[in-house]
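Here's the structure, in structure tokens; my notes come after.
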Amino acid sequence: MSHPTVTVPIREALRYAQGRAERLGRTQQLEIGEDLFIRIAPGGRKFLLFCLDGEPERSAAEAIASALGLKEPQYGWHQGATLRSLTVIEQGAEAQPESGPAEAEDGTL
């Protein structure tokens, strides 16, 4: 017997991952749409938004930053070896270190 399907609003999933990133001090990654992924950094105040094919839309990053309650987020791009990620960092969160076993030094996954 399989478990029933549960639908969770994306806002709840994002906030849960943000809380885990803050509490555990570890990067949290979610698939939030078809070919759209987010990596929330330790501390929960910055994230990478990326696609495996193409690039994410800034409007999606703005909506996510709003849902996460980031104040005065700064938007930019990070070019890794294979992916170009949209970066979102709350002012003052720049000093938070990145972590995660799947993250290479050049920022690629």
Side-chain angles (χ1 to χ4, degrees):
M1 183 171 175
S2 65
H3 297 285
T5 301
V6 177
T7 301
V8 177
I10 190 67
R11 187 175 304 251
E12 281 183 35
L14 287 168
R15 288 184 181 153
Y16 177 77
Q18 180 185 37
R20 281 182 54 92
E22 184 175 4
R23 196 171 53 257
L24 301 176
R26 293 188 49 97
T27 300
Q28 302 296 303
Q29 182 170 311
L30 294 171
E31 183 175 0
I32 56 175
E34 188 174 323
D35 193 33
L36 183 61
F37 302 84
I38 185 171
R39 295 192 81 196
I40 302 175
R45 308 316 296 171
K46 60 184 176 179
F47 64 87
L48 292 175
L49 193 62
F50 64 95
C51 302
L52 299 178
D53 253 345
E55 295 178 351
E57 299 280 332
R58 180 172 166 141
S59 60
E62 291 170 347
I64 292 168
S66 176
L68 294 177
L70 300 187
K71 294 174 178 52
E72 299 182 44
Q74 305 297 309
Y75 300 88
W77 290 97
H78 173 78
Q79 180 63 57
T82 58
L83 297 174
R84 187 169 184 226
S85 304
L86 184 53
T87 62
V88 182
I89 302 172
E90 183 177 69
Q91 190 171 16
E94 298 88 354
Q96 242 352 66
E98 295 288 337
S99 77
E103 189 172 67
E105 286 186 23
D106 67 354
T108 61
L109 301 175

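Since we're looking at a predicted model, the values are computed, not measured.
Of all the heavy atoms in T27 and P42, the pair that sits closest is OG1-CD, 3.6 Å. Contact between R84 and P56 at its shortest, heavy atoms only, is O-CD, 4.1 Å. Considering every non-hydrogen atom in both L48 and S85, the closest pair reads CD2-CB, 4.0 Å. Minimum interatomic distance between V88 and P73 (heavy atoms only, all atoms of both residues): CG1-CB, 3.7 Å. For A61 against F47, the heavy-atom pair with the smallest separation is O-CZ, 3.7 Å.
The neighbour count for E57 CD, taken as heavy atoms of other residues, nucleotides or ligands under 6.0 Å away, does not exceed 12. For R11, the CZ atom counts as loosely surrounded, since its 6.0 Å shell holds 12 or fewer non-hydrogen atoms of other residues, nucleotides or ligands. Around the CD atom of E31, the shell of radius 6.0 Å holds more than 12 heavy atoms that belong to other residues, nucleotides or ligands. By the 6.0 Å contact criterion, OH on Y16 is open, its count of non-hydrogen atoms from other residues, nucleotides or ligands being 12 or less.
With hydrogens and angles ignored, the 3.5 Å screen pairs a side-chain donor or acceptor of E90 with a backbone N or O of K71.
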Hey, mind stepping through W77 and L86 against side-chain contact (heavy atoms from CB on, under 4.5 Å) and telling me if it holds? CA-CA 5 Å; W77 290 97; L86 184 53; 3.8 Å; yes
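Atom CG of L14 and atom CD1 of I10 lie 4.5 Å apart (nearest 0.5 Å).
Test I40, T87, L36 against L49 for side-chain contact (heavy atoms from CB on, under 4.5 Å) and you get one pass: L36.
The hydrophobic clustering, which links ILVMFWY residues whose side-chain heavy atoms are closer than 4.5 Å, places L30 and L70 together.
By the 4.5 Å heavy-atom criterion applied to side chains, F50 and H78 are not counted as neighbours. Side-chain contact between Q18 and R45 is present, with heavy atoms from C-beta onward closer than 4.5 Å. Contact of the F37 side chain with the L52 side chain is registered, since non-hydrogen atoms from C-beta on lie closer than 4.5 Å.
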